[in-house]
Each structure stands twice: as C-alpha cells, then as structure tokens.
Amino acid sequence: MPGGEFKKLGYRLVDDIAEFIETIGSRKVTPGETPEEVAAALGSRPLPEDGIPAGELLERAGELMFGHSLFNAHPSFMGYITGAPAPIGALGDLLASSVNPNAGAQILSPVATEIEKQTVAWLAELIGLPEGYGGLLVSGGNMANMTAFLAARMARAPESYRKKGICSGGHMTLYCSKATHTWLEKSAALFGHGTDAIRWIPTGQGSRIDMDAFESTVAEDKRKGHTPLFAVGNAGDVSTGAVDDLEAMATICVKHNIWFHVDGAYGMPAAALPEMADMFRGTELADSVALDPHKWLYNPLEAGCTLVKDPGHLRAAFSTHPDYYNFDAQEGSRPVNFFEYGLQNSRGFRALKVWLALQQAGRNGYREMIREDIRLAALLYQKADDHPELEAMTHNLSIATFRYVPEGMDTGSLNRLNESIVNALQRDGRVFVSNALVDGKYCLRACIVNFRTGEDDIDRVIGQAVEKGRVLSR
Ligand SMILES: *Cc1c(COP(=O)(O)O)cnc(C)c1O
C-alpha cells in the first residue's frame, strides 16, 4: 500500500470511527439478528483469486461492523462483563500493530518490553499490592487465571512432578467456591487433574465461600493423603460480584501450605477505591492475582494480567532455553523476555493500550469511573426494589440482579417468565442484560463496566424489563 493511500484511507476510517463513537448512544445495542441473517448480510463467496482495492474493502468492513454488531461500548449494554473500550485504546492498538513489536523477547521489542514492565507494575500498584509482584499481560481472565494456576502447580507440586508427570504427585486437590468462574474446571480437565480434583466449597452469607467448610474439607483431604495445592478466592464473582473473605482464606492457605490465588478478573479494579479497602483486604497476601483490563479498566479486547508475588515462579514454570534463541544479553543485566513468563512465544503488544489508558485517566479518573458504575448498580437495585412488579435480588460492586414478579406465580413459572424476558430484551436490543441464578431463582443481571452509562440507561432497563414482563406474563 503506497504511503499516500494509507493516509487517505486511514483518515477516512478514523472519520468513520469517530462518527460511530459520537453516535453510539442513539443506536441500538444490538440489531438482534439471527446467525442466518448476519451470514446473509455478509454473503458467501469464494476466496478472491485477485486482489480487491483496499478502500473498497475497508468501506465494506465498516458497513458490516457498524451495521451488524453488538456494541459493548453502548451506554445501555450491561450484559456479561465486557468493558466499554476507551477510544485511546483503539488508537494504541493501531500504533502497536503498525510498529508490530514481538513482545516475546526483549531484543525484538526493546521499548515495548519496558512499557509492559511498567504497565504490570502500575496495575499492581493500582490495586494496592505491595512491591515485588510481577507478571505479564495475557489475552484475558481465563488465561490470566490459568497462567497463575500453572505457575502454582510448578511451585507447589511434589518434586517428582516436573519429570514424571501429574500421576507421580499423588492426588492434588483444588479449592474454590461454587460461585467460581468456569476457568478452574477447564484447567482441571485440560491440565490432567480431572474435574474431580476440584472441591466446590458451598457459599454462605452473600455468596461468599463458607470458611468453615473450606478448612474442614482441606483437613479431610490431608487425612486421606491428598496434597491440597491451590485455592481460589473470588474478588467479585462472575455472577453476582461477591467478594470472598480473602484475608481469612489467605490465613487458612498459609497454615496448610496451599497456593492462594485471587481471581479478580472482574472486581479487582474496585480495590483502587479507598472506601473498598476493607472488602479487598487479604489480596496483598495472595500468591497470585488475576485481573482483566478489558473488563473494568475499560480497555478494548484483549487484555488480561497475571500478577505473582514471586515472579520467579512464572519463570520456573514457563522458561525454556532452546539453542536457536540468542535472547540473553551479551552486555548489561539479563533482560526480561516475556516468553519466559507465560504460555505464549510470539506476543503482541497488548500493554500499550493499557499503559495509555492508565495515564489518560490517572488513578483518580479510574476511581471516579469505577465509583460511578457502582453507584449506578446500587441505583438499579434500589429502583427494582421500589417497583411493585420487580423484586431486587442482589447488589455487589457494579452488578445488580432482579426479577419480574407478577402476583400469584409459582417458582418454576417465574423462572421461565424471567428467562423469556432476558431473551426478549436481548433480541429487542434497546438494552442488553444477561441472567443469573440466585438461590435457584432466575434473574435479570446488569453489570455496569461502562464510563458512558448514566441514570437514563438505568431507567431504560427498568422500563424495558417491566414492559416485556407485562407482555410475556399476560
Ligand atoms: C470474566 C471472568 C473470567 C474470564 O475472563 P475472560 O477475560 O472472559 O477470559 C474469569 N473469572 C472471573 C471472575 C470473570 O469475571
């Protein structure tokens, strides 16, 4: 592509993106099309034999993206947990992919490596971890958690494990509450433990892990000769945002030599708020922490982060030294080569967008945005509570759950009704909420990780839920 064309097409694309961002609130969150409708819009054709002009392609790509997407940047998008992307992140990604450093090895990404180190240090500082934690950026929460899990296993599994494999270590057991995200199940299955190795500890008050049940399960496993290896504390569980008693959990883990991991993929950024210090106390005792800048730090996908108290455990798990690499410095100190800290070898420059956004907003900017998301979730809970046809269920951090409750309906019918309300809302596309099961009750769930969401969006969710509820319960 000649330089003049790159400029012309680039400016045009930036104009279109700017217009998209400006007008996002006046669009629908999603067109709610079926996969068939979307496929029809795309059209099927074979791979082109000959090239097509770039301008034509970009224009078509813009039409498809702006016309047939779900916009998680939309102020009324409150489903699942995907942060609204900060525009500076989009610009950062453009810069990153244009220079295209390979952030696997320092020699291939001199300044990108330094920026990633600084970004990781800032993330640890933002959430209040003491000095010394280190880690790397990964693709998201699943990878951040799994990376920590693999480091933990290398660090705490019996000696024979590295050479002889998983069976040589006896039965290693894993602990988490029933509210824990599916990544642990996936890890147990994929990494050879089997899902039976997981002890799903019941939750007590407010969906938090039952500490007595946790400790007695550990004791029972030890009696049976198992090796308690790894425990997960939730810093904002994926469903209702509950934060476990991390300090109490850490104490039990220290006592039994269990690696204590905090899954903060969703909620960890709220630890930046001074008023939340009590809720997150104990994070600073964790052996590892996962967080997800593409959730509540408003970065575009993908960005997750693994932080480990002793980053040497990451190197111990992931470092290899093939003879075709010449990555250790001839002079100066030994460089950080991020391929030695995680699963990836070649790595994109994810850190740039995170580094830019952290500075553009600053600690105070983030505090304000996160605090506002929490306030709006509380407001939604309150409005549901005040409404005669709604029942407010939970509010933790920036997640509120509630359901539609017409008079004289049994639990089963209420569950089916609320499920159909969620489906109808998602198809309609003016607002977007997801679902949660709270004590067996099917609820509408709104998670606000969006600096554009305002009180009018909260009113819209309430209004739409009631409107759909009335129609569907008729
Ligand atoms: C979202 C989430 C994950 C998974 O993160 P991805 O970025 O979707 O891979 C793991 N744990 C918790 C608590 C989460 O909220």
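Just so you know, ligand 1 is whichever comes first in the structure, and atom 1 is the first atom listed for that ligand.
A 4.5 Å side-chain heavy-atom check between Leu137 and Val354 finds at least one atom pair inside the cut-off. For the pair Asp263/Val289, no side-chain contact is recorded, criterion being any heavy-atom separation below 4.5 Å from C-beta on.
More than 12 non-hydrogen atoms from other residues, nucleotides or ligands lie less than 6.0 angstrom from CD of Glu275. In Asp456, the CG atom is crowded: over 12 heavy atoms of neighbouring residues, nucleotides or ligands sit closer than 6.0 Å.
If you number the atoms of ligand 1 from 1 as listed, the ones under 4.0 Å from a heavy atom of Asn145 come out as 10 (C), 11 (N). Distances below 4.0 Å separate heavy atoms of Ile81 from the following atoms of ligand 1: 15 (O). Applying the 4.0 Å criterion to heavy atoms of Asn142 picks out, from ligand 1, the atoms 4 (C), 5 (O), 6 (P), 9 (O). Remark: ligand 1 atoms within the under-4.0 Å shell around heavy atoms of Gly140 are 7 (O), 9 (O).
Ranking the protein heavy atoms by distance from atom 5 (O) of ligand 1 puts Gly141 CA, 3.1 Å first.
Ring geometry for Trp183 against His261 counts as perpendicular: the plane angle is over 60°, on a 0 to 90° scale with 30° as the lower cut.
Considering backbone and side-chain atoms together, Asp237 places no N or O closer than 3.5 Å to any N or O of ligand 1. Checked against a 3.5 angstrom limit, the closest N/O atoms of Gly236 and ligand 1 fall outside it.
At least one heavy atom of Lys295 sits under 4.0 Å from some atom of ligand 1. Within the 4.0 Å heavy-atom shell around ligand 1 one finds His294.
Under the 3.5 Å distance criterion, with hydrogens and angles disregarded, no donor-acceptor pair is assigned to the side chains of Ser177 and Thr203.
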